[in-house]
Structure formats: C-alpha cells, structure tokens
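Side-chain atoms are counted along with the backbone in the values below, which use heavy atoms only and exclude waters and symmetry mates. Predicted model only: the values in this text are computed from it and were never measured.
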Amino acid sequence: MEFIKGKGEVKAEIIVNGAKKLQEYGFEGKDGDVLVLPEKKRVYVGVESINAENIKTATALIIKSLKKYKFESVEITPPNTKNEDILIAFFEGFILGDYEFDKYKSKKANHPIKKIAINSKRDFEEVINEAKIRANAVCFVRDIVNSMPDEITPAKLASIAEEVAKENKLECIIHDENYLYENGYYAFYSVAKASTNPARLIHLAYKPKNAKRKIVLIGKGLCYDSGGLSLKPSDFMVTMKSDKAGAVTVLGIIKAISELGLDIEVHAILGAAENMIGGNAYKPDDVLKAKNGKTIEVRNTDAEGRLVLADCLCYAQEEIKEFEEIYDFATLTGACMVGVGEYTCGVMGFDKEKIQKIINTGEKTGEHFAYLPFNKYLSKLLKSEIADISNIASSRYGGALTAGLFLSEFIEDKNKEKWTHLDIAGPAYVEKAWGFNPHGASGFGVDTFVSLLKSF
C-alpha cells in the first residue's frame with residue numbers, strides 16, 4: 001500500500017459525532033458506523049471522539065469496507081492536529097485494516113486499494129514512515145502467531161529470529177535444549193522434554209551507539225500447549241498456537257525499535273517450547289529446580305508458561321548487566337481474561353508509577369491495559385509443603401495475580417522495582433474481529449511498547 005499526495009477514486013471522510021446530512025441513509029455516525037455510497041464514490045466512517053483507537057479503527061474500516069469494490073485508490077484528509085499519536089494511528093489503520101491471514105486458503109484475500117491519496121499540503125513523510133514500521137511489525141506478529149503449530153516450532157521461531165537479526169543488524173544467540181540442561185535451566189527444560197521439537201532459548205540484542213537506556217523484554221513462546229499430562233479438554237486446546245504470542249510480540253517490538261533507530265539498547269529473550277505428552281513428560285508431583293536454585297512443586301503441568309518464564313527471567317538477570325527495566329509478556333492465564341475481559345492486558349509489578357505509564361501510553365496508541373495489584377495474602381496460596389514454591393495456587397481465585405507473584409520469586413531483590421509482568425492472554429488472540437483487529441492474532445502490545453520506549 002502506497003501513500004501519495006493528490007486525488008483518489010473514492011473520497012473517504014471520518015465523521016465526528018454524527019452527521020445530519022447522512023441520516024437519510026440511516027447513518028448515525030456512531031463509533032464503527034460505515035456508509036459506502038459507491039455510485040457517489042464516497043465512504044463515511046463514524047467516530048464519537050478523536051483519539052488514537054477511534055482514528056485507527058476508522059481508517060481500518062475504510063479499507064475493509066472497500067474490499068468488495070474495484071476502486072484502487074481512496075482520497076482522505078488527515079485530522080487537523082499536531083498530535084503525533086493521532087497521526088501515526090491514522091496512517092497505521094489503513095495497513096492494519098488491509099490485513100487478512102490467508103496463508104492456508106486456496107482463494108487468497110482481495111486487496112483492491114493500492115494507494116491512499118492524502119489531501120493536504122502538509123508533509124507527512126516522517127509520520128508515514130514510522131506508521132509503516134509499526135503497522136508492519138504488528139502484521140509480522142499476527143502472521144507468526146496465526147501460523148499453525150506444525151509450522152512454527154521452537155526451531156522455526158529461532159530461524160525467524162535469526163532472519164530478523166540479519167535484516168536489522170542485531171546480535172543473535174540461540175541456545176538449544178542441551179544448553180538448558182547443562183546450565184541448570186531445569187524448569188524450562190522439563191516443560192519441553194516430551195516434545196519431538198526441542199526447546200530454544202533465543203536472545204536478540206539491539207545495541208545502538210550512545211544508548212540512553214537498557215531495556216530487557218522477555219516473551220513466553222509456547223509454540224503449542226496441549227496442557228501436558230494435565231491435558232486440556234479438546235475445546236480448550238484449539239487456538240493454543242496463540243500461546244507463543246508473548247515471544248512473538250517481543251520479537252515484533254525489537255524489530256520495530258531497530259528499524260526506527262531508537263537510542264535505546266534492547267534485549268529480547270524468547271523462551272520457545274512445546275508442552276506435549278509422552279513417556280518422558282514432566283509430571284504432576286515432580287519437583288523442578290530453576291536456574292536460581294529455587295525448587296518448584298508441579299501440581300499442574302498446564303501451568304507451564306510460568307516455568308519457562310522463570311528460567312528466562314533468571315537468564316536475563318545473569319547474562320544482561322545494569323539494565324533499567326525488565327518486562328515479560330505472556331498469554332499466561334485464563335483468569336486474566338475472566339478479570340478484565342478479552343480486550344485488555346493485565347499489568348502487574350511493584351512500581352505503580354511505571355505501570356501507570358504503560359496504561360497511559362496504551363491510551364495514546366489505542367490499546368487497553370489494567371493494573372492488577374498484588375497484596376500480602378496472595379503469596380500464601382503458592383506455599384508448597386515439599387518445595388520452595390508450588391506452580392499453581394491453592395485457590396481458584398486471583399489466578400492472574402498468583403501467576404504474576406510466582407514469577408516475582410525469580411526476580412532478584414535489586415530488580416524488583418525494575419520488573420513488570422504483562423498478561424496478554426485476552427487481547428493477543430480473539431476469535432472475532434474487534435476495532436482495528438481481525439479475527440485471530442492482533443499483534444497487541446507492539447504499538448504501546450514502541451511508544452513507551454520512544455518516550456525514554
């Protein structure tokens with residue numbers, strides 16, 4: 001898709017708070033309302049207020065609404081604002097709205113609109129360039145998360161990471177299952193050992209000259225999660241290809257950051273594994289030792305992501321020195337979805353100011369985050385009588401929080417305030433279109449963290 005100056009075949013307009021002149025067509029101008037008048041070569045989209053989410057959704061809907069027509073270009077006037085967040089969202093929406101995952105379909109998706117004609121004397125070249133990098137990173141994440149588990153194995157994910165590293169001049173280290181075992185990452189190793197597709201610990205690093213800050217991003221990359229011996233019911237196993245979304249999100253963020261050339265050193269750690277069944281699968285009642293020496297009683301093998309992340313957190317703190325921030329991303333718990341819904345990420349940690357900044361940044365990019373607060377009583381639910389900690393809580397309540405608290409046990413005291421946990425189980429993959437997102441993977445979190453790191 002190309003952005004040009006000039007005229008287009010169809011004129012598009014974003015209508016704020018309704019339009020009396022269009023009421024004869026039944027168009028009220030509410031959020032998400034779309035009116036296409038092909039004979040007049042006009043398309044209208046309604047928004048109730050101007051913000052990044054509404055604008056991004058509006059431009060995405062313009063593209064979606066024109067897919068069944070033969071027009072090849074659309075003309076539109078950008079919002080009259082100097083707010084960069086709004087303008088980036090405006091241009092991103094066209095690319096995100098044009099996305100369709102058709103890799104496995106014999107009949108491919110239709111993409112008739114080739115050009116977006118910008119009706120303005122203003123130069124948007126820099127904004128458009130950044131919007132393209134962001135949106136392409138989001139679509140990159142969507143493609144990988146949507147791909148079937150037989151294709152995206154841990155080794156394949158490592159190969160994709162190597163390609164990203166080569167294209168963007170990143171450092172890249174791939175550790176295999178032997179490394180995990182020989183170096184004491186037994187929690188991570190145990191989760192993966194029943195699969196015929198061995199685990200990979202992937203470490204990418206973007207190191208610009210004169211970096212102003214050092215950030216660590218860690219992602220849960222369960223390329224498939226059957227639940228292990230605590231086998232999921234079949235209905236719950238469908239969509240578990242999405243359990244790699246945390247790792248792929250991290251990969252998308254470092255891709256975008258490097259392409260934008262931000263003056264921040266970023267390390268991305270991806271814990272890639274499959275949680276399968278077999279004669280050598282790890283079992284309920286096993287006691288595993290993580291890299292930091294803590295022992296973990298396994299009471300449910302379907303609480304595997306936290307075991308992978310625990311060792312990845314240990315790896316990051318041991319191998320990466322003097323970082324300012326450490327964030328982990330994971331489709332970790334269904335409990336988070338119960339608490340805040342499908343469209344919101346739960347954020348946990350010990351620095352409320354940092355968490356609030358994530359929430360505020362999300363509002364500027366059109367993504368939703370909610371703070372889930374720890375309290376002193378929750379940790380008692382993870383008590384084990386035979387090990388240092390249990391991998392699941394003794395109560396069915398507060399599951400997102402107890403999972404976050406479990407991870408905090410693998411954060412060194414000096415790094416507690418630096419660490420933030422993001423449970424993206426809801427918005428990372430939804431089986432219906434919402435806002436500017438399609439059915440399936442959303443690429444959630446990339447935009448917000450590009451903006452957050454840019455603000456540093």
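- Using cut-offs of 30° and 60° for the angle between ring planes, the F124 and F91 rings count as tilted.
- Listed for the K294 side chain is no donor-acceptor partner under 3.5 Å among the backbone atoms of K291.
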**Asked** What's the verdict on side-chain hydrogen bond (donor to acceptor under 3.5 Å, both in side chains) for Q356 and N360, showing C-alpha distance, side-chain angles and the deciding distance?
**Response** CA-CA 6 Å; Q356 189 59 51; N360 294 344; 2.9 Å; yes
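- Taking the centre of each ring, F329 and F449 come in below the 6.0 Å mark.
- Nearest heavy-atom pair across I144 and L157 is CG2-CD1, 4.3 Å.
- Under a cut-off of 6.0 angstrom, the local environment of NZ in K283 is crowded, with over 12 non-hydrogen atoms contributed by other residues, nucleotides or ligands.
- Y206 contributes a side-chain N or O that, together with a main-chain N or O of L262, makes up a donor-acceptor pair within less than 3.5 Å.
- Ion pairing between a basic and an acidic side chain is recognised when a charged N comes within 4.0 Å of a carboxylate O; E171 and K207 show such pairing.
- A salt bridge is absent between K255 and E163; no separation between the charged side-chain nitrogens and carboxylate oxygens falls under 4.0 Å.
- Between F374 and F350, the ring planes lie tilted relative to each other; the angle falls in the 30° to 60° range.
- Relative ring orientation between H175 and Y315 is described as perpendicular, the plane-to-plane angle rising above 60° on a 0-90° scale split at 30° and 60°.
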**Asked** Given the rule in the side-chain hydrogen bond (donor to acceptor under 3.5 Å, both in side chains) test, do S230 and T301 qualify, once you have shown the distances and angles that lead to the verdict?
**Response** CA-CA 5 Å; S230 303; T301 63; 3.2 Å; yes
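- The environment of NZ in K289 is sparse: at most 12 heavy-atom neighbours from other residues, nucleotides or ligands sit within 6.0 Å.
- For the pair L407 and W419, the minimum side-chain heavy-atom distance is below 4.5 Å.
- Residues H439 and E431 form a side-chain contact, since some pair of their non-hydrogen atoms from C-beta on lies under 4.5 Å apart.
- The environment of CG in D102 is crowded: more than 12 heavy-atom neighbours from other residues, nucleotides or ligands sit within 6.0 Å.
- Contact annotation: the side chain of E363 never approaches that of H368 to less than 4.5 Å [non-hydrogen atoms, C-beta and beyond].
- R299 and S384 form no side-chain donor-acceptor contact under 3.5 Å, judged by distance and modelled atom types alone.
- Formation of a donor-acceptor pair under 3.5 Å by the T153 side chain with backbone atoms of K156 is found in this model.
- The closest donor-acceptor contact from the side chain of S65 to the backbone of I62 lies under 3.5 Å.
- Taking 4.0 Å as the cut-off between side-chain N and carboxylate O, E151 and K103 count as a salt-bridged pair.
- At a threshold of 4.5 Å between non-hydrogen side-chain atoms, the residues S455 and K357 count as touching.
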**Asked** Do D225 and K232 pass the salt bridge (charged side-chain N to carboxylate O under 4.0 Å, His left out) test, and can you show the C-alpha distance, the side-chain angles, and the key distance before you say yes or no?
**Response** CA-CA 9 Å; D225 177 22; K232 294 178 184 288; 3.5 Å; yes
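- One finds no salt bridge joining E162 and K166 here, because no Lys/Arg side-chain nitrogen approaches an Asp/Glu carboxylate oxygen to under 4.0 Å.
- N375 approaches Y377 most closely through the heavy-atom pair OD1-N, 2.9 Å.
- Annotation for I389: atom CD1 counts as buried by contact number, over 12 foreign heavy atoms lying within 6.0 Å.
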**T448 and T361: CA distance, side-chain angles, deciding distance, side-chain hydrogen bond (donor to acceptor under 3.5 Å, both in side chains) verdict** = CA-CA 6 Å; T448 294; T361 305; over 6 Å; no
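- Taking the six-membered ring for Trp, F444 and F369 have ring centres closer than 6.0 Å.
- Looking only at side-chain heavy atoms (C-beta outward), L401 and L405 stay at 4.5 Å or farther from each other.
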**Message:** Would I215 and F456 count as a side-chain contact (heavy atoms from CB on, under 4.5 Å) here? Give the steps.
**Reply:** CA-CA 10 Å; I215 306 296; F456 291 158; 4.0 Å; yes
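- Between the Y224 side chain and the M237 main chain, a donor and an acceptor come within less than 3.5 Å of each other.
- In this structure the side chain of E367 reaches within 4.5 angstrom of the side chain of D447, judged on heavy atoms.
- The two residues A52 and A89 come nearest to each other via the heavy atoms O-CB, 3.6 Å.
- Exactly one residue among L251, D143, V248 makes a side-chain contact (heavy atoms from CB on, under 4.5 Å) with I160. That residue is L251.
- By the 4.5 Å heavy-atom criterion applied to side chains, V347 and H421 are not counted as neighbours.
- Across all non-hydrogen atoms, the minimal contact from F3 to K132 is CD1-CE, 3.7 Å.
- Sorted by first then second residue, the side chain to side chain donor-acceptor pair (under 3.5 Å) pairs that include residues 330-339, not counting sequence neighbours, are D243-T331, T333-D423.
- More than 12 heavy atoms of other residues, nucleotides or ligands sit less than 6.0 Å from atom CD of E2.
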**Request:** Evaluate side-chain contact (heavy atoms from CB on, under 4.5 Å) for I269 paired with I320, printing each intermediate quantity in order.
**Result:** CA-CA 11 Å; I269 313 297; I320 306 166; 4.1 Å; yes
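- Under the 4.5 Å side-chain criterion, counting only non-hydrogen atoms from C-beta, K241 is not in contact with S147.
- Y343 pairs in a ring-ring contact (aromatic ring centres under 6.0 Å, His included) with only one of the listed residues (F436, W434, Y429), which is W434.
- A donor-acceptor pair shorter than 3.5 Å cannot be found between the side chains of E48 and N54.
- More than 12 heavy atoms of other residues, nucleotides or ligands shown are found within 6.0 angstrom of NZ on K416.
- The distance from atom CG of L66 to atom CG of N110, rounded to the nearest 0.5 Å, is 11.0 Å.
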**Request:** Take E324 and K418 through the test salt bridge (charged side-chain N to carboxylate O under 4.0 Å, His left out) and record every step on the way to the result.
**Result:** CA-CA 6 Å; E324 280 83 12; K418 299 177 181 180; over 6 Å; no
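- Using a cutoff of 4.0 Å between basic side-chain nitrogens and carboxylate oxygens, R200 and E177 are scored as salt-bridged.
- Closest non-hydrogen pair, A370 versus V340, comes out as CB-CG1, 4.1 Å.
- Shown here for L288 and L307, the closest heavy-atom pair between the two residues is CD1-CD1, 4.0 Å.
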**Message:** Could you go through S258 and L170, starting from their C-alpha distance and side-chain angles, then the distance that decides it, and tell me whether this counts as side-chain contact (heavy atoms from CB on, under 4.5 Å)?
**Reply:** CA-CA 8 Å; S258 61; L170 309 177; 3.7 Å; yes
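- The local environment of OH in Y181 is sparse, with at most 12 non-hydrogen atoms from other residues, nucleotides or ligands closer than 6.0 Å.
- Ion pair K354/E325 flagged as a salt bridge, since at least one NZ, NE, NH1 or NH2 atom sits closer than 4.0 Å to an Asp/Glu carboxylate oxygen.
- Judged purely by atom type and a 3.5 angstrom limit, S190 has no side-chain atom pairing as donor or acceptor with the backbone of A187.
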**side-chain contact (heavy atoms from CB on, under 4.5 Å) between C336 and L372, worked out** = CA-CA 9 Å; C336 193; L372 302 181; 4.2 Å; yes
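- Applying the 6.0 Å contact sphere to NZ of K352 captures no more than 12 heavy atoms from other residues, nucleotides or ligands.
- When each of K105, K64, R142, K67 is paired with E100, the side chain to side chain donor-acceptor pair (under 3.5 Å) condition holds for K67 and for no other.
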